[in-house]
Each structure stands twice: as C-alpha cells, then as structure tokens.
Amino acid sequence: MSHVPVSNLQDDLILKVDKLGIRRSERWLFRELSFELFRGDIVQIVGHNGAGKTSLMRSLCGLLTHAEGDFEWTEINDLPCLPLYLGHLAAVKPELTVFENLKYHPIAGQFLGDEPIEDAIDQVRLGNYLDTPTRHLSAGQTRRVGLARLLLADTPCWILDEPFTSLDVEGCKWLEQQIEQFAEKGGCVLLTSHQPVHFEKKPQILEIKRPVEALC
Amino acid sequence: MSHVPVSNLQDDLILKVDKLGIRRSERWLFRELSFELFRGDIVQIVGHNGAGKTSLMRSLCGLLTHAEGDFEWTEINDLPCLPLYLGHLAAVKPELTVFENLKYHPIAGQFLGDEPIEDAIDQVRLGNYLDTPTRHLSAGQTRRVGLARLLLADTPCWILDEPFTSLDVEGCKWLEQQIEQFAEKGGCVLLTSHQPVHFEKKPQILEIKRPVEALC
Amino acid sequence: MLGKLLRRELLRHWRCRQDLINPLIFFLITVSLFPLAVTPDGAMLSRIGNGIIWVAALLAAMLSLESMYRDDFYDGTLELLMLQSGSPYSVVMAKIISHWLTTGLPLVIMSPLLAVMMQMEGDAIGALMLTLLIGTPVLSLIGSVGMGLTVGLRQGGVLLSLLVLPLYIPILIFGAGAVSRAAMGMDYSGQLAFMGAFLLGSISLVPFASVAAIKVSIR
Amino acid sequence: MLGKLLRRELLRHWRCRQDLINPLIFFLITVSLFPLAVTPDGAMLSRIGNGIIWVAALLAAMLSLESMYRDDFYDGTLELLMLQSGSPYSVVMAKIISHWLTTGLPLVIMSPLLAVMMQMEGDAIGALMLTLLIGTPVLSLIGSVGMGLTVGLRQGGVLLSLLVLPLYIPILIFGAGAVSRAAMGMDYSGQLAFMGAFLLGSISLVPFASVAAIKVSIR
Amino acid sequence: MNWQWFHRLSSPKWFYQISERWLPWVMGVSLVLMAAGIYQGLFNSVPDYQQGESVRIMYLHVPTAFASMMFYMVMAIAAAIGYIWRIKLAHMAAISAAPVGAAMTFLALFTGAFWGKPMWGTWWVWDARLTSELILLFLYLGFISLHQAFEDREVGDRAAGVLAMVGVVNIPIIHFSVEWWNTLHQGATISKFEKPSLDPSMLIALLLMIFAVILFCSAIMMYRMRNEVLSRENNKSWVKEVVLGKQIGKMK
Ligand code: HEM
Ligand SMILES: Nc1ncnc2c1ncn2[C@@H]1O[C@H](COP(=O)(O)OP(=O)(O)OP(=O)(O)O)[C@@H](O)[C@H]1O
Ligand SMILES: Nc1ncnc2c1ncn2[C@@H]1O[C@H](COP(=O)(O)OP(=O)(O)OP(=O)(O)O)[C@@H](O)[C@H]1O
Ligand SMILES: [Mg+2]
Ligand SMILES: [Mg+2]
C-alpha cells in the first residue's frame, strides 16, 4: 500500500465500486451497490440506523470483508492509494497529550514535524490543551483531536463516519468548511451524518437500500 | 435512595441546585450555578465543547464530586428520588440479547415483566432484533436499546447527555416526542444536545459559562 | 433482587460458556508447567504438589477476577446497576457468588485430577479438596475488593495482583499447610477452623468494602 | 519508521511508568508464594528454585502481554496504525521490542535477587540470568502472536494463556534444564545453543505471523 | 497448467456429493474392521506374559494415540492450505478434524492412565511421551477455543489457521525437547514398559484396530464436514434443494 499526495493524482477517478454486496450474520445489508468517486466529490451516504453505512465504509478501507462484488482505488505507480478513515472510535490515546497523539501516530505513511501539528491543534481550538493528557478532555474535545488528523493527512480521499458527533455548533461549521475546502483542492469525501449538513454545493446522496430478498 | 414513581410526587419542585461549582484538574468549569427544576420542565444545557455539561450531569447523579455549593432532590418519605441518567455510554451488554438487556437490568429499582419490555422494544423499532445479541447491532441501534429504558422507568426526572447521537432522523423525532410526552405527564427532563432540537414549547436554556477568574 | 441479579450474571457467563473452562485450563496448564520446569520425579512432586496446586488455584482465581467488573465498568453497566438497582450490596454479592460458582467451584472439582498427576495420596487429596472448598470463596470475596478498586485503571491487571496476592497469603499458608499435614497423617482441624473463621469473617465484612471500592471507582 | 513507532511505545510506557514495575512485583510475589506454600526448607528450595523462577517469569511475561495490543485495539489506534503507517511489520516489531524492554529485561535484571532468596548458588545464578536473557525475547515474540489473535475477544485474557503457554513449553524446559545442569556443575551449552536457535528462528518468522494475526483481528 | 481439478476439489458442493457416496463405505469398513479387531483382541489373542489380561487395553490405547497425532497434522495442513489459498473447504476440514483429534487425545490419555494403574502402580508419571500427549491436548483445546471465540466463522477460520501453523512448528520440538528434558534428570521415570516383540495374534489385532480407528475418525470428520458445509452454505440454492428434498422425503 502506498499513500499518495492529492497533487500527484493524474486521473479524475479515485474509487470505483462495482456491484458490492455485504452480508452480516447471514443477512444481506445491500447488494449490487455501484458508484464512483471523482476528485472534488462530496458524497453523503444516507440510510436509517442499521442500514449498513459503517459496514460499507469499513469494507472500503479493508477493515471488513465484503461478500461479493469488488472495488478499486485508483493506482499510482501500481500501488492503490488509501483513504483516511475516521470512524466511531477516535483513535486517541488517553495517556498521551494532545500534541503527542498527533506527533507519534503516523498519518498517511509518515510522521509529521512539530509546526504543522501545532497549527492543526490551534485550528481545532485545542491550543490551550496542547500538553493535556487526552483522558482529561471532554467528548467533543476528544473528537477534535481525531479531526486534527484531517488537516495533516495528504491523501486523496477522506472517509468520515458521523464526524459531527459531539461537536458543538461552531465545531460543526468549521468541519463543514474543511470538507468543502478539501473538495475544492481536488480531494473527495465520503461521509455519513444523521444531522443536516450545510454545504454551498449540495452533496451527492448515496442511499443504502435493503435488497428485496432480505425480509426482516 | 429510593425510586419514586412520577404520580406519587406531591411537590412541584424536583431539583434545587444552589451555587454549585465544579472543578476539574484545578480548573473551575463553572461556579455559582443555581437553578431549579419543576415538574413539566424541559431544560437544555448548552455550552461549547468542554464547557462542563457532562460534568454537571454526572455530579447531579452522584457520579462525580462537586467542589462547592449543593443540590437537593425532592424527598418522598425522607428518601431523595433519583433521576434516570443516560450518558455517553449506552450501558448495553454486548453478549446479551436486546430483550435480556432490558429484562435483567434493574430500572428505577425494579425488574420488569416481559410485556412492557417487548412493547418498549417495538417502540424503538428493534422488534426484529429481540433475540439478537446486542454486539451485532449498529451504533444507532445500540443507542436505541439504551433509550428503551426511558419507556420503562418510572422516575420523575430524566437526565440525558446527548441522547440524539447516532439516531437517524426518524429516531430523533420519536425521541423528541417521548420527551414532550414525559414532560406533559409531569416529569422533568434535563438534556444536552449540540444539534437543534424541535419541541412544540421552546425548552428552557441553561447556559454554562466559564467563571471570570478562569482564564484559559 | 439478589436472585435476579445473580441470574443476570449466570446468564452472561452462560452466553460465553466457552470462557468458563478457561480458568480450569489455566489451572491445569500452570500446574503441569512445574513438573516440566522443576523435576518429573514422583517423590519430589508429591512433596511440593500441594503447594503448587494451591498457588495455581490462587493465580487462576485472581486472573478470572477481571471478568467480574471490568466489562460492566467500561460499557457503563456498572454505573447503571449501582444507581438503578437500589441495592449496591446485592449487585456486589451477585458478582461474588457468580464468580465463585464459575471459577472456585470448578477448581475444587478439578483438583483431585491434578493431585493424582502430582502423585498425591488419598488423604492429602481429601484435605486438598476440603481446603479449596473453604478457601476459594475467600479468594472471590477478597478479590472483589481488589477488583473494585482497580476497575477504573488502565493496566489494572498487574496492579490487581499486587493488591490481592498479599491478602491471599494467610489463606494460602493455612490451606497448603493443612494439606501437607494431612499427607503426613497429622490432624489438620486447627487449620480448617482458622480457614472457616476467615471465611465467615470475610462473608460478613468484605461485601461492604467492595461496595465502597466500586463507589470510589465509578466517580 | 520503526524508530519512531518504538519511541511512541516507550513514551506510552513512560507515561504509566508505575505500571512498569508491576510485572516485576508480580514476579517477586509469585516466587515468594512458593516458600510459603511449599516449604521454607533451604535445601529443597534450592532444588526447585530454578523451575519456580522460570515459571514465574513465564507467567509475568504472559500477563503483561495484555498491554501490547489491547488498549490500542479498543480505542481504534491499532486500526489507524495498521492502515496509516504503511508498514505493519514495523508496528508489530515496535510492540515486541518495547514489550521486551519493559518486561523481559527487568525480569532478567531482577532474577539474581530471587535466585538468592531461593538459596541458589553462583553458577546456577549465572546460568539463570543467561537463559532468561535468551528466553524472554522469545516469550515476547510468541506472545505477540497469541495476543494478536485474542485482542478482539472479550475475556481474551485466559484464552491467551491457553494459546500461549503450550507454545512456551520448549523454552521453559530448556531454560530450566540448563539452570539445573549448571547447579550440578554440568555443561549446559547444548541447551543454550538450542535456545539461541529458537530465538533466531522466532525473530525471523514470528513477526509475520503476528501481522497476520492482527489483520485477522481488526476486521 | 490446468487448475480445474483444484477448484473442483475445493468446491463444497462437490465435496458434499462425493462424501455422500463415500461416507457409508468408510464407516462400514471401519465398523467391520473394528468388530474383527475387538474379537481378535479380546478372544483370539494371547495375554501378555508379563502383563496378563490388562495388555488388552493396548488395542484401544495405541490406535487412539496414533490417531491423535495424525489428526493434528491433518488439521494443521488443512488450515495452512485454507489460509494460504483461501479455500473455505480446507478450513472446514481443519475445523472438523480438531474435535476428533482432541477426542482421540483424550482417549489415549484416559486409556493410558487406566493402563498405567496396574502396570506402573500410578495413574500418571511425568514421562516424555505422556507429557507431550498432554501438551497436544492443550494445543487442540487452544485451536478449538480460539475458533469458537470468534463471532464470524470466517474470521475464526483464519485466526485458528494462524495458530495451527505456529503450533505445528512446535509439535516436533515438544516431542524431542521433552524427551531430552527427561534424560537430563535422574532416571527415575524411564519408561517401565519394554516393548515386547509382539505375538502375531496381538499384532493382527493391533493393526486391525489401528486401521479401524483411523477410518472411524475419518468417517466422523467427514460427517462433521458435511454438517459444516450445510450450515455455512445455507443460503446457496443447492443446499436448499438438499434440505427441502430431505423434508419432502420425510413427508412421503
Ligand atoms: C496416561 C498415560 C499414557 C499416555 C498419555 C500414553 C501416550 C502414548 C502415545 C502418545 C503413544 C504413541 C503412539 C504412536 O507413536 O503411534 C503411545 C504408544 C504406546 N503406549 Fe502409551 N501412553 C500412556 C500409558 C501407557 C501405558 C501405561 C502403557 C503400558 C504399560 C502404554 C503402552 C504403549 C504402547 C505399547 C505403545 C505403542 C508403542 C509403539 O508401538 O511405539 N502406554 N502411548
Ligand atoms: N477525567 C477528567 N479529568 C480532568 N479533567 C476533565 C476530565 N474530564 C473532563 N475534564 C475537563 O472538564 C471539562 C468539561 O468536560 P465535560 O465532559 O463536562 O464537557 P462537556 O460540556 O460535556 O463537553 P462536550 O460537549 O464535548 O461533551 C473539559 O474542559 C475537560 O477538559
Ligand atoms: N459485528 C456484527 N456482527 C453481525 N452483524 C452486525 C455487526 N455489526 C453490525 N451488524 C449488523 O449490520 C447492520 C449494519 O450495521 P452498520 O453498523 O453498518 O449500520 P449503520 O448504517 O452504520 O447504522 P448507524 O446509523 O446506526 O451507525 C446492522 O443491522 C447490524 O445489525
Ligand atoms: Mg454507523
Ligand atoms: Mg459531554
């Protein structure tokens, strides 16, 4: 696997999903799901609770095996470029400080210098908590540490599972802006959210529907 | 401690908070917070991430020690009546089924019969998952199991910390209705939420402000 | 209340019944490490066997303490139980009883097998079972306090051993002592009486300490 | 990459440095349970001491495996590391090395003290340290596979012991065997050579098995 | 190269059909051999000059001990094939072999212990063979427990597969290291049983029983595999046909 900076992409197509189907405990969540992600796309996956949004995202990241169909990340130098996935879990270590959490976790295949990290922390409004162990943070503040990774990663695609959870109004606004800016720069974003999101350009909607043969 | 059914309440006052102050790691979150909760109240606590909403709720439930001031739950037969608290953690055991999770956890001091439990499960739209171990549920479905407790508890006050998290649009609407109905019946609800909530009657707002002497 | 709570605990264990045999297997494997590491010589083994079996039972009981509160703490169930049940004492008692039923009792039943493998004789085997029968509830009781105190801490596991093992020592000394007296054909009722007193004392006092410990942990 | 990851691990351990001494204390307490349970007789102890110290080291190493992946798994960091670091091999190696540095090495350093408590002689003490020095890295290596396999499971702890202890047995037999030969004044280079070969073999193969195990667990 | 046969071999459906034909034969032959072996062993062979009648335990003990080791290898090889080539059928084979092997290990231990009491005057000694058999039991139990601990059977397959592959390296090491370990210490536990040059009547009984037990285990393993196939492929149309067909048969 390799991690490819956005600017290096030649092609417009980033992800191609072909008739994907996922089964959990013998029940099909969906089948024959096909879509494509291009640079600049913002796609919102919608579906009721338990539709299979998280499952779809995890299998695109290789964290779950899919039952049928296939998908393909665009390749650069024969290596598929992988997305940055932020899921329900924040991947924040409680015993490390906010700064160390970003400093010692590789993002997109590399470790970063101090300055960009401090900048990112300022942006998520945790500047005062630079040296606070993250176990002393509130729910929303912990999510912010995770979100700071978005600013540091140089990947062509973000996959965000309910990224607005626990964020206050201001934080949501900030995140929406970030997503839009990233799309303008040529990245693509796949996200879910149950609360309404406000982008200038309406995001594309991808609805997950239960296949006909699944009855319950 | 005792658990008092709503109908038994004589007084209108349920909770009286007097100059409460909470300190976390040597920093005051708030001081001199006073308010009262009456039957039929819906109070939304607002504040940015890290303001101290969760800390306030937990200390009202006796899960955190407060630094100054005091609060008092109304007493019946000399025993303070305790609220039902649903926090960030869902208190749902992954290895038990949805039904067993409600059946074998005492709510408001008692275990319930099968029928009300099955009703409650139907209401939170998990009827098809009655016998599914909860570890097979999605994020939103797991929250719904926790919320089913609201229907079963017979306490005068609900304390709900971001109850709308992970719920889909329909689920949010349902929860809003429940809260309103409960208030009409004479209960009182203390809740936080970063996303907009829609009640017929505007909820009262309780804002948590940083005390002046805390600088950061 | 206690009955229902106990049913909940046992149901949970039943759901992961596969885990039920794990302490047993740990017990079996740990005991069988010693002949490999020390000596296969039967005469020697029968002299040290009682001590080894007791220590292994101690360790097995201690390791399985984890399952007592840890899960419930992390998913918020412990908070809920303590706040909503109205009787923290029953919550703790249900946990202790189910821990003993699922760990201590199987160890007692399994012990003759290991005793035979360690070349112990009939009298000593009887004494071993008897002392384990009295001793393992004490292990569960004392363990619940230690676990209650460490449940909120990361890496509580090793800290737990630090808190709990020293408290287990008296029971170990009397238990193993009684068995070796039995092996030599001596009377061991003194040791048994002491262990019984210890058991009664801890049944009546320890649950309150556990409740206090958990109350400290959940806030 | 490996260097930075290793720094992260060591930093984490440093942040909870209190936990660092826990395996040591477990080691110390477990060993000292035996004189209490078995016999305080010096001649006897010096015969069984090597085996007991080795078994205790095994158990201490095994119990501290928990800290290797468990936390990282539950807060999603393990996923992140495996996906984002670009080199799962380095992630695993960093974990194994830091586990040894924080558990195995302190055990080696501590062992002479315990050996003296167990009335062991100079030669045997030297052999004990040497075999532990070669043996403990193998314990960390094999343990990382077992931990990788069980990290996603509830109550993995006792299951872990079932998987890992049988795999530890050869090292135990050769380690303890070498020490008792040394105590009898015999040559033990054969055992050492075997342990060395085992170490080399597992360094070269086991990390790949660990990567495979973790990849299975995180999905 | 033509991989057709390989794919066919790895198809659960193919296995289900072929085993349907084979299973009765394997089972039948093993039962016949076993009957012959038991007759030969109990009535038609001489008692041992040293051990008397108790030697007859041998006819159960040796075959089960042999099968216990053989099925570990079967399990490990199947698991490795399944892991490397991602063949589901191989995983199913490994999963089905494990309980059979574990049962044989247990029987070998049990019969051995029963034999030991009259022969050595004790149920158990820490002799090399006995110890390594005990460790084998632990390895089996580890494999089974690990597989069961996973929710998702396919994840469990792969996890247990990794374990089996690591464990198989250990088998010869355990075997030899334990032997070496035993000779290091004083010779109190040298095997008290000198292998007698067997009387032909005993040898026949023994051979019959060995084959019978191996075939019997294979039949059980096949039977378990068929169940495994059905339960895992339960959403495939051919399984529905099989199951429905049986129900219709019953209704008639
Ligand atoms: C619990 C006790 C025992 C265990 C675990 C055990 C285990 C084994 C094992 C693993 C084998 C190897 C099978 C093979 O290589 O194919 C074996 C073979 C054998 N055992 Fe035992 N055994 C036990 C007790 C005994 C006793 C008490 C006797 C008789 C005095 C005995 C007699 C034999 C014989 C004759 C063989 C066949 C040896 C050969 O042909 O190589 N075993 N046993
Ligand atoms: N365990 C802790 N130890 C020390 N300080 C803490 C701890 N938990 C939270 N804090 C601090 O207390 C403050 C309030 O936290 P709290 O969780 O109450 O916030 P909140 O209002 O619920 O925020 P959010 O909207 O993010 O959930 C935060 O600034 C946080 O840094
Ligand atoms: N570990 C699991 N094992 C079996 N089934 C599962 C598992 N996790 C989830 N499921 C099932 O898969 C379905 C989809 O789950 P998923 O988490 O993808 O939903 P989601 O769309 O993200 O829902 P939410 O909006 O609640 O987060 C659910 O119906 C759930 O019951
Ligand atoms: Mg989801
Ligand atoms: Mg909060």
Side-chain angles (χ1 to χ4, degrees), chain D residues 47 51 138 141-146 148-182 184 186-188 190-191 194-195 197-198 201-202 205-206 208-219, chain E residues 72 76 79-80 82-84 86 91 102 105 126-128 131-186:
Chain D
R47 278 187 61 199
V138 181
L141 282 159
I142 296 180
S144 84
V145 183
L149 288 172
T150 54
V151 64
L153 307 172
R154 275 159 311 106
Q155 282 219 356
V158 205
L159 180 59
L160 177 70
S161 68
L162 175 57
L163 301 185
V164 160
L165 286 181
L167 298 178
Y168 280 176
I169 284 178
I171 278 293
L172 173 70
I173 291 174
F174 284 100
V179 183
S180 61
R181 283 179 76 94
M184 291 184 280
M186 293 195 276
D187 171 51
Y188 56 93
Q191 276 81 352
F194 180 87
M195 289 177 78
F198 210 81
S202 38
L205 294 178
V206 161
F208 296 102
S210 298
V211 171
I214 291 174
K215 283 199 174 155
V216 168
S217 280
I218 57 176
R219 65 180 48 198
Chain E
Y72 192 91
Y83 188 89
I84 295 165
R86 291 181 174 261
H91 280 307
T105 315
W126 290 92
D127 154 274
T131 309
S132 56
E133 189 75 358
L134 185 64
I135 296 169
L136 186 66
L137 182 67
F138 295 150
L139 290 175
Y140 272 123
L141 290 181
F143 181 91
I144 296 172
S145 308
L146 184 65
H147 186 264
Q148 283 181 354
F150 281 91
E151 288 291 308
D152 187 337
R153 266 187 295 200
E154 280 163 27
V155 179
D157 284 346
R158 295 181 67 72
V162 172
L163 183 70
M165 286 187 285
V166 175
V168 80
V169 180
N170 220 46
I171 291 260
I173 294 176
I174 286 175
H175 190 75
F176 293 114
S177 69
V178 172
E179 226 148 61
W180 196 3
W181 150 74
N182 201 26
T183 53
L184 291 178
H185 287 264
Q186 65 287 4

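In what follows, chains carry the letters A, B, and so on, assigned in the order in which the sequence lines appear, proteins first and then strands, with residues in each chain numbered from 1.
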Applying the side chain to side chain contact (heavy atoms under 4.5 Å, CB included) test to D/Leu167, which of E/Val169, E/Val166, E/Ile173 qualifies? E/Val166
Knowing that exactly one of E/Leu137, E/Leu136, E/Ile135 qualifies, which makes a side chain to side chain contact (heavy atoms under 4.5 Å, CB included) with D/Pro166? E/Ile135
With sequence neighbours excluded, tell me which residues meet ring-ring contact (aromatic ring centres under 6.0 Å, His included) with D/Tyr188. none
Kindly give the heavy-atom pair with the smallest separation between D/Leu159 and E/Ala149, and that separation in Å. CD2-CB, 3.9 Å
Under 4.5 Å from any heavy atom of chain E, what part of D/Ile169 do you find: side chain, backbone, both or neither? side chain
Working to the nearest 0.5 angstrom, can you tell me the gap between D/Leu205 CG and E/Met165 CE? 11.5 Å
Non-hydrogen side-chain atoms of D/Pro170 and E/Asn170 separated by less than 4.5 Å: yes
Supply the atom-to-atom distance D/Leu165 CG to E/Leu139 CG, rounded to the nearest 0.5 angstrom. 11.0 Å
Distance in Å, E/Phe150 CZ paired with D/Leu153 CG, rounded so as to fall on 0.5 Å steps: 4.5 Å
So, the part of E/Tyr83 with a heavy atom under 4.5 Å from chain D: the answer is side chain
Could you note down all residue pairs passing side chain to side chain donor-acceptor pair (under 3.5 Å) where residues 135-145 of chain E supplies at least one of them, sequence neighbours left out? C/Gln18-E/Ser145
